[in-house]
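Just so it is clear, the model here is predicted, and its values are computed rather than measured.
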Amino acid sequence: MTSSAILTHPIRPVNDLPIDETLADALLDSMSDYSEQLHGRRLWLACSGGRDSLALAALCVQLYRQGRLPCLPQLLHVDHGLQADSQHWATHVADWAKIQQIPCRILRAQVTGHDEQAARQARYNVMRAHINQDDVLLLGHHADDQAETVLMRLIQGAGVNGLSGMQPWRIQTQGRRRNVLWRPWLTVRRATISTYAKRLALPYIDDPTNDSGDNVRSGLRRDIMPVLAAYNPNVIDNIARSAQLLGDAQATVNAQAEQDMQQTADENLQLPAAQRVLNIDALQALPLYRQRQLLHHWLGQDEPLPPAKQLVDDVCNLTQRSDHDHQTELFWQGRTYSYTVRRYRQQIYRFSSEWLSWLDRPMIEQKQPLSRLDLTTSDSADGDFVLLTVRRSEGHIWQLQFEPERLVQLLESHIGVLNAVLKIKPLDRKQRVQTALATRAQSGKKLYQTLGIPLWLRESLVVVSVVYTDKEHAESEISVLLLSPFDTWILESHLSTIIKSLGSDIDDVFHNRLSAVE
């Protein structure tokens with residue numbers, strides 16, 4: 001059994017069939033443009049089996065057999081089960097690839113939703129999950145696709161970024177995964193590809209929903225583009241050229257926004273893509289139009305699609321407020337993550353929902369024995385260090401790193417023979433501690449205000465203490481450090497004073513570490 005959507009041409013090798021030099025030049029010129037970026041990277045080709053992707057695959061085979069292409073891409077076909085014949089389509093693509101002697105993988109995806117956008121997202125997700133970091137995904141989008149994309153975004157009220165359309169070379173990130181989308185045919189007309197496919201008698205899949213579907217793109221292709229072509233036969237080329245010019249303009253805007261972000265970002269509080277922070281004083285030193293461009297760029301980091309203008313306006317208004325209400329929250333459902341935007345004092349924060357969930361995870365009291373015997377028998381040391389985990393999830397880990405040998409030496413020089421433990425425990429709101437920033441011990445709200453602890457971090461403070469357990473000193477606990485995921489404060493104590501008198505400092509022994517889990 002086969003599918004009526006598959007053209008009835010027999011599958012045959014394309015090696016010796018005529019090459020379309022217009023299509024070949026576009027591919028090879030683009031490869032030359034990005035030769036440095038392509039060097040050493042694995043190449044995949046997203047092949048639906050439709051006219052455009054099968055034509056691109058056929059051209060790659062022909063150029064490779066002639067020695068004009070250095071390597072063959074591997075085909076990726078995604079079966080997401082939305083069409084009744086999708087299994088037949090997957091088998092057909094695999095059969096065609098086998099005859100051409102080109103590697104092919106069939107992937108299956110589960111689509112959440114029933115629209116074309118949901119299917120597209122599912123395809124990209126499953127392909128990204130299959131390929132490796134920094135691999136390149138070759139796509140068959142062409143000038144007609146570009147014109148339709150620009151018109152769609154114009155209807156949606158997009159700015160320069162959206163109206164620049166699809167980019168020929170785009171680095172795509174999702175969490176810690178990074179891949180490249182490569183579109184070498186964005187200057188090529190659909191008609192040129194159709195002529196090539198007809199000349200080769202390619203048995204491509206003619207999906208009936210491409211032109212008759214009820215999505216916006218199908219409507220533009222069917223109803224609007226013919227009308228525009230009646231006004232100007234060069235409308236496709238002209239729109240594609242406008243998109244390229246807007247792409248250049250957007251690159252200039254991005255370069256300025258990136259430079260501005262380097263001047264305004266608080267590097268001590270950055271945790272891509274979980275938390276990103278801007279300094280409001282530095283932001284407001286910029287002209288208003290650059291503030292808006294910067295916020296647009298800042299919000300859209302880690303996302304494939306830019307934020308809406310309304311969100312940018314709302315965040316801009318939040319940065320300009322002069323009251324002291326720090327309870328305001330803005331929410332944004334991005335394509336990759338959902339986000340919360342909050343302000344605290346003169347900083348604006350963008351959190352992912354996963355990061356806020358991480359901040360709610362409980363912390364457990366821990367103890368590490370400190371003695372010469374423990375140092376010789378411990379198996380938790382990493383070289384000269386010991387790592388104690390304060391909080392961990394699949395995405396991030398917060399640890400205290402310290403040098404036990406150095407710490408024991410300092411303690412022994414203070415009290416002689418040592419019998420003690422190092423303890424980490426969550427800060428109790430009623431617990432009074434004194435930092436170098438305060439003239440006396442504080443607790444609760446006064447402590448948070450003195451240290452500038454935002455509301456969402458107040459349950460993520462831990463105290464590091466040394467507890468003496470030997471008979472001579474009796475059991476006593478001396479707090480030495482206060483930690484948050486992003487900061488460390490030395491606590492005033494008799495022990496810290498003694499250690500300073502020995503020419504050392506506590507923060508030479510301890511290191512607060514927050515990192516993404518690889």
Side-chain angles (χ1 to χ4, degrees), residues 1-31 34 38 41-80 83 85-109 123 126-127 130-132 135-142 145 180-185 188 190-207 210:
M1 181 179 179
T2 186
S3 167
S4 60
I6 303 174
L7 271 64
T8 56
H9 302 305
I11 297 176
R12 58 175 178 163
V14 299
N15 297 359
D16 300 323
L17 298 180
I19 286 181
D20 187 294
E21 290 301 329
T22 299
L23 298 178
D25 287 346
L27 174 59
L28 295 175
D29 287 348
S30 185
M31 176 168 282
Y34 301 108
L38 283 165
R41 295 186 174 186
R42 181 177 294 181
L43 187 60
W44 306 82
L45 193 157
C47 186
S48 67
R51 175 194 54 221
D52 305 332
S53 62
L54 203 65
L56 183 55
L59 182 65
C60 287
V61 170
Q62 291 178 314
L63 293 175
Y64 177 72
R65 303 303 179 199
Q66 291 185 3
R68 299 167 65 185
L69 198 69
C71 64
L72 264 181
Q74 298 187 51
L75 303 189
L76 286 179
H77 176 85
V78 178
D79 176 7
H80 40 44
Q83 300 287 346
D85 291 342
S86 65
Q87 290 185 344
H88 300 298
W89 295 355
T91 301
H92 177 71
V93 170
D95 291 343
W96 184 87
K98 184 176 181 180
I99 294 297
Q100 313 309 325
Q101 298 181 352
I102 182 172
C104 179
R105 303 285 182 87
I106 305 299
L107 308 177
R108 287 172 173 77
R123 285 196 299 272
V126 74
M127 286 190 288
H130 180 78
I131 66 181
N132 295 322
D135 283 358
V136 177
L137 187 61
L138 183 58
L139 303 169
H141 296 131
H142 45 71
D145 293 327
V180 177
L181 303 182
W182 180 30
R183 301 179 175 97
W185 275 0
V188 171
R190 178 185 286 125
T192 304
I193 300 173
S194 296
T195 300
Y196 172 66
K198 184 176 181 180
R199 185 185 306 135
L200 267 59
L202 285 179
Y204 63 82
I205 301 165
D206 188 14
D207 186 348
N210 285 339

L202 CG to R51 CZ distance, which is reported to the nearest 0.5 Å: 11.0 Å
Side chains of K98 and D95 in contact at under 4.5 Å (non-hydrogen atoms): no
Gap separating the CG atom of L139 from the CG atom of L45, nearest 0.5 angstrom: 7.5 Å
Side-chain heavy-atom pair I19, R68 within 4.5 angstrom cut-off: yes
Non-hydrogen atoms of L138 and P184 that approach each other most closely: CD1-CD, 3.5 Å
Close side-chain approach of H77 and L107, heavy atoms under 4.5 Å: no
Distance in Å, L76 CG paired with S53 OG, rounded so as to fall on 0.5 Å steps: 11.5 Å
Side chain to side chain donor-acceptor pair (under 3.5 Å) between H141 and D52, intermediate numbers included: CA-CA 7 Å; H141 296 131; D52 305 332; over 6 Å; no
Contacts of R42 that satisfy salt bridge (charged side-chain N to carboxylate O under 4.0 Å, His left out) - sequence neighbours left out: none
Beyond-backbone contact of L27 with C60, side-chain heavy atoms, under 4.5 angstrom: yes
Main-chain N/O of L23 paired with W185 side-chain donor or acceptor, under 3.5 Å: yes
Minimum side-chain heavy-atom gap Q87-D79 below 4.5 Å: yes
Polar side chain donor-acceptor pair, R123 to H80, under 3.5 angstrom: yes
Test item: L17 and R199 side chains (from C-beta on) under 4.5 Å apart, heavy atoms: no
Heavy-atom side-chain contact between M31 and W182 under 4.5 Å: yes
With L43, the side-chain contact (heavy atoms from CB on, under 4.5 Å) member among V180, V136, L69: V136
Close side-chain approach of I193 to V188, heavy-atom, < 4.5 Å: yes
Spatial distance of atom CD (E21) from atom CG (L28) [nearest 0.5 Å]: 8.5 Å
Enclosure of N132 CG (heavy-atom neighbours >12, cutoff 6.0 Å): yes
Side-chain (Q100) to main-chain (A58) donor-acceptor, under 3.5 angstrom: no
Nearest non-hydrogen partners of A197 and Y204, listed with the distance: CB-CE2, 4.0 Å
Q101 vs R65, side chain to side chain contact (heavy atoms under 4.5 Å, CB included): CA-CA, chis, key distance, verdict: CA-CA 11 Å; Q101 298 181 352; R65 303 303 179 199; 3.6 Å; yes
Pairwise distance CG(D20) to CG(D25) - rounded to 0.5 angstrom: 9.0 Å
Considering all heavy atoms, the nearest P203-I11 contact: CG-CG1, 4.0 Å
Value rounded to 0.5 Å, distance of CZ in R41 from OH in Y34: 12.5 Å
Non-neighbouring partners of R190 that pass salt bridge (charged side-chain N to carboxylate O under 4.0 Å, His left out), sequence neighbours left out: D144, D145, E148
Close aromatic pair by centroid cut-off 6.0 Å: H130 and W44: yes
